[in-house]
There are 2 protein chains.
Amino acid sequence: MKNEIKKFRTKLGITQEELAEKAGVRRETIVFLEQGKYNPSLKLALNIAKELKTPIDKLFSLS
Amino acid sequence: MKNEIKKFRTKLGITQEELAEKAGVRRETIVFLEQGKYNPSLKLALNIAKELKTPIDKLFSLS
DNA sequence: CAATAATGTTATATTTTTCTAACATATAAA
DNA sequence: TTTATATGTTAGAAAAATATAACATTATTG
């Protein structure tokens with residue numbers, strides 16, 4: 001599972017903590033997601049996509 | 001979490017069991033997903049979207 | 001109608017995701 | 001160069017997703 005969370009987050013100029021709050025998860029969760037160590041639930045992925053103002057399929061892809 | 005799995009599955013003319021096999025999960029998982037009783041992982045959602053030849057954001061939406 | 005296929009249900013087990021808290025390192029700013 | 005802010009790490013607990021197996025009901029079709 002690949003993702004571009006960090007790219008779109010920094011583009012928006014917000015911190016991991018801010019994104020975590022907006023998405024309703026802990027900061028550590030965002031850290032590990034950006035590092036590809038966590039595989040999110042669909043619910044979380046959709047929330048992150050919304051907060052990053054990015055279509056989910058631009059943000060995440062299989063493999 | 002709303003989804004249109006059943007709609008696109010029947011449109012494709014495949015059974016729950018066939019979709020389950022293609023997506024790599026048990027048939028019961030598909031049953032409960034279609035009924036809105038399960039909330040999928042992103043990985044599973046992407047696999048289902050691929051098998052149903054449908055963009056993930058046409059298939060699933062928050063609330 | 002009888003048989004088969006498809007779908008639905010329940011209860012519990014296993015696996016995966018996310019949380020928690022504490023601490024560590026790095027980067028920026030006063 | 002201190003202080004503050006941002007990011008990274010760990011280990012284990014809690015919660016959520018999925019598996020499993022057995023059985024029930026509803027189509028479908030021969």
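Within every chain, numbering begins at 1; the chains are lettered A, B, ... in the order of the sequence lines, protein sequences first and strands thereafter.
The CD1 atom of A/I30 lies 13.0 Å from the NZ atom of A/K6; values are rounded to the nearest 0.5 Å. With rounding to the nearest 0.5 Å, the separation of NZ in A/K53 from NZ in A/K11 is 12.5 Å. The NZ atom of B/K22 sits 13.0 Å away from atom CD of B/E17, with the distance rounded to the nearest 0.5 Å. Put simply, CG on B/L33 and CE on B/M1 are 10.0 Å apart, with the number rounded to the nearest 0.5 Å.
In terms of the side chain to side chain contact (heavy atoms under 4.5 Å, CB included) criterion, residue partners of A/S61 (sequence neighbours excluded) are, by chain and number, A/K2. Not counting sequence neighbours, A/F8 has no partner by the ring-ring contact (aromatic ring centres under 6.0 Å, His included) test. Remark: B/R27 pairs with no residue by the salt bridge (Lys or Arg N to Asp or Glu O under 4.0 Å) rule, at least two apart or across chains. For B/E21, there are no salt bridge (Lys or Arg N to Asp or Glu O under 4.0 Å) partners two or more places apart in sequence or in a different chain. Among residues two or more places apart in sequence or in another chain, the side chain to side chain contact (heavy atoms under 4.5 Å, CB included) test is passed with B/K58 by B/T54, B/P55.
Annotation: proximity of residues 24-35 of chain A to DNA chain D (heavy atom, distance under 4.0 Å) is found for A/R27, A/E28, A/V31, A/F32, A/Q35, numbered in ascending order. Annotation: proximity of residues 9-23 of chain A to DNA chain D (heavy atom, distance under 4.0 Å) is found for A/R9, A/T15, A/Q16, numbered in ascending order. In the region residues 40-63 of chain B, proximity to DNA chain D at under 4.0 angstrom, judged on heavy atoms, holds for B/P40, B/S41, B/L44.
Side chain of B/D57 to backbone of A/I56: no donor-acceptor contact under 3.5 angstrom is found.
The terminal axes of the helix from C/dC1-D/dG30 to C/dA30-D/dT1, fitted over 5 pairs per end, subtend an angle of 50° to the nearest 10°.
Considering only side-chain N and O atoms, B/K37 lies nowhere under 4.0 angstrom from the phosphate OP1 or OP2 of D/dT18.
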Might you list the N or O atoms of the protein lying below 3.5 Å from N or O atoms in nucleotides 26-30 of chain D, with each pair's distance?
none

N/O donor to acceptor pairs below 3.5 angstrom from side-chain atoms of residues 34-52 of chain B, sequence neighbours left out:
{"unit_1": "B/E34", "atom_1": "OE1", "unit_2": "B/R9", "atom_2": "NH2", "d": "3.2"}
{"unit_1": "B/E34", "atom_1": "OE1", "unit_2": "B/Q16", "atom_2": "NE2", "d": "3.0"}
{"unit_1": "B/E34", "atom_1": "OE2", "unit_2": "B/R9", "atom_2": "NE", "d": "2.5"}
{"unit_1": "B/E34", "atom_1": "OE2", "unit_2": "B/R9", "atom_2": "NH2", "d": "3.3"}
{"unit_1": "B/S41", "atom_1": "OG", "unit_2": "B/L44", "atom_2": "N", "d": "3.1"}
{"unit_1": "B/N47", "atom_1": "ND2", "unit_2": "B/K43", "atom_2": "O", "d": "3.4"}

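A/L12 places none of its side-chain heavy atoms less than 4.5 Å from the side chain of A/L19.
The span of DNA chain C lying next to chain B, judged by atoms under 4.0 Å from heavy atoms, is bounded 5' to 3' by C/dA6 to C/dT10.
The shortest heavy-atom contact between A/G13 and A/E18 is O-OE1, 4.4 Å. B/I5 and B/N3 get closest at one heavy-atom pair: N-OD1, 2.9 Å.
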